[in-house]
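Everything numeric in this text was worked out from a predicted model, so none of it was measured. First listed ligand is number 1; within each ligand, the first listed atom is number 1.
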Amino acid sequence: MIIEHAEVIVTSPGRNFVTLKLVTSDGVVGYGDATLNGRELAVVSYLRDHLLALLIGRDPQRIEDTWQYLYRGAYWRGGPVTMTAISAVDVALWDIKGKLAGLPVYQLLGGACRDGCLVYAHAFGRDMPELVASVSAQLELGYRAVRAQVGVPQLAKVYGVAVGRETYEPATRAALPDEELWDAGAYLRHIPPVFAALRAQFGPEPALLHDVHHRLTGLQAAQLGRALEPHDLFWLEDVTPAENPDALRLVRAHTITPLAIGEVFNTIWDCRTILQDRLVDYIRTSATHAGGISHLRRIFTLAELSQIRSGCHGATDISPVGMAAALHVGLAIPNFGIQEHMRHEPLVDDVFPHAYRFDDGRLHPGDEPGLGVALDEALAARHPYVAAYLPVNRLGDGTMHDW
Ligand code: CS2
Ligand code: MG
């Protein structure tokens, strides 16, 4: 049996998704998520112009060899575009292997270590009343963990808070990125009372998370972590830009607030220092951007040595294929922590019918052979790609900052 057909399907049911489809000579189909928010077409080209021809004729069951062939064979290695493309190939091959075995992928990974994967939902509000209502709504849906993002009075727009729409979708369909303004001082003054109010409202039970989204210096993050300690957050995410582990070292030295980082990491080598030096409590790498299922397992195994748990990225720009891959890994590893579950719009679920199900605050990947996700190609074709960019962030004096 060989890989006989390979194609990249780009669709935009409300937001852009890139999906790799592999078909074996026996007609078995495998899907991989190749979505890189704001830079989708770079991955499409990497796959279509450089990788697909290399896959035709290969044995689809040689997953690791294919991973190594594509990773070491490129010479130029790592980074989001290359690794998202390789991740999609890896996930599609695991999908095929599960279908060939008649087993869900998690069974191929050693079977379930838990009944389901604890997930966290997104809540946001421009102000406290809206945020409280949003957190309540997620708790009423059955979530036991909720990420809370809130507007900052001095800032017109802030990460994680939708303005003028029901759901938050950071990538805007426009010819140029949206520009946002950032004021760390205003943010640092505003956030601790917000979580004091959330704890007063909801008590100690719900797991509350917050995403700083790469914007603080080490010292600012240490100040925030320490100020939030009385409110017992499940985690504070991306407190500093992920590429600087020394900033995290400073944060670690000053606060016991749990830290999570890694959604922008693309290989185990990106994660190595922060895992070996225990600079975080959760690692957020995803199957879509960090080397697929094969590599995600390696990252979580290294994390396990430092008692660090998984906290996979699961925003709406991780497609249902990528979400399913994360859930199969999450069900099968001993050091699962939590899975982000930013729900897709119904139309996305129609384009990507899937077996994973929400129940009692957890997601289970289902027991269909492979990943348990399909792609309705006719419906996908009705929603062509639309150029979209993630916002950029500037300080008050115009200086570019991390978004
Ligand atoms: C965020 C994402 O979900 C998260 O934790 O960091 O919304 C992130 O901004 C997007 O995935 C970027 O495409
Ligand atoms: Mg994040």
Stepwise side-chain contact (heavy atoms from CB on, under 4.5 Å) test for Arg58 and Tyr69:
CA-CA 11 Å; Arg58 286 187 67 85; Tyr69 176 70; 3.6 Å; yes
Please test His231 against Phe195 for ring-ring contact (aromatic ring centres under 6.0 Å, His included), starting from the C-alpha separation and ending with a verdict.
CA-CA 6 Å; His231 314 311; Phe195 280 89; 7.5 Å; no
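Closer than 4.0 angstrom to ligand 1 sit non-hydrogen atoms from Asn37, His122, Arg147, Tyr159, Asp211, His213, Glu237, Glu263, Arg284, His313, Ala315, Asp317, Glu340, Leu390, Trp403.
Proximity of a side-chain donor or acceptor of His289 to a complementary backbone N or O of Thr35 within less than 3.5 Å is detected.
Protein contacts to the Mg ion (ligand 2) involving N, O or S atoms at a distance below 2.8 Å are Asp211 OD2, Glu237 OE2, Glu263 OE1.
Residues Val23 and Ile3 have side chains not in contact (no heavy-atom distance under 4.5 Å, counting atoms from C-beta outward).
Two rings, from Phe17 and Phe352, have their centers less than 6.0 Å apart. Two rings, from His122 and Tyr143, have their centers 6.0 Å or more apart.
Arg62 is linked by a salt bridge (charged side-chain N to carboxylate O under 4.0 Å, His left out) to Asp65, counting only residues two or more places apart in sequence or in another chain. For the salt bridge (charged side-chain N to carboxylate O under 4.0 Å, His left out) test, residues two or more places apart in sequence or in another chain that qualify with Asp277 are Arg249.
At a threshold of 4.0 Å, the pair Arg297-Glu304 does not count as salt-bridged, since none of the basic side-chain nitrogens sits closer than that to a carboxylate oxygen.
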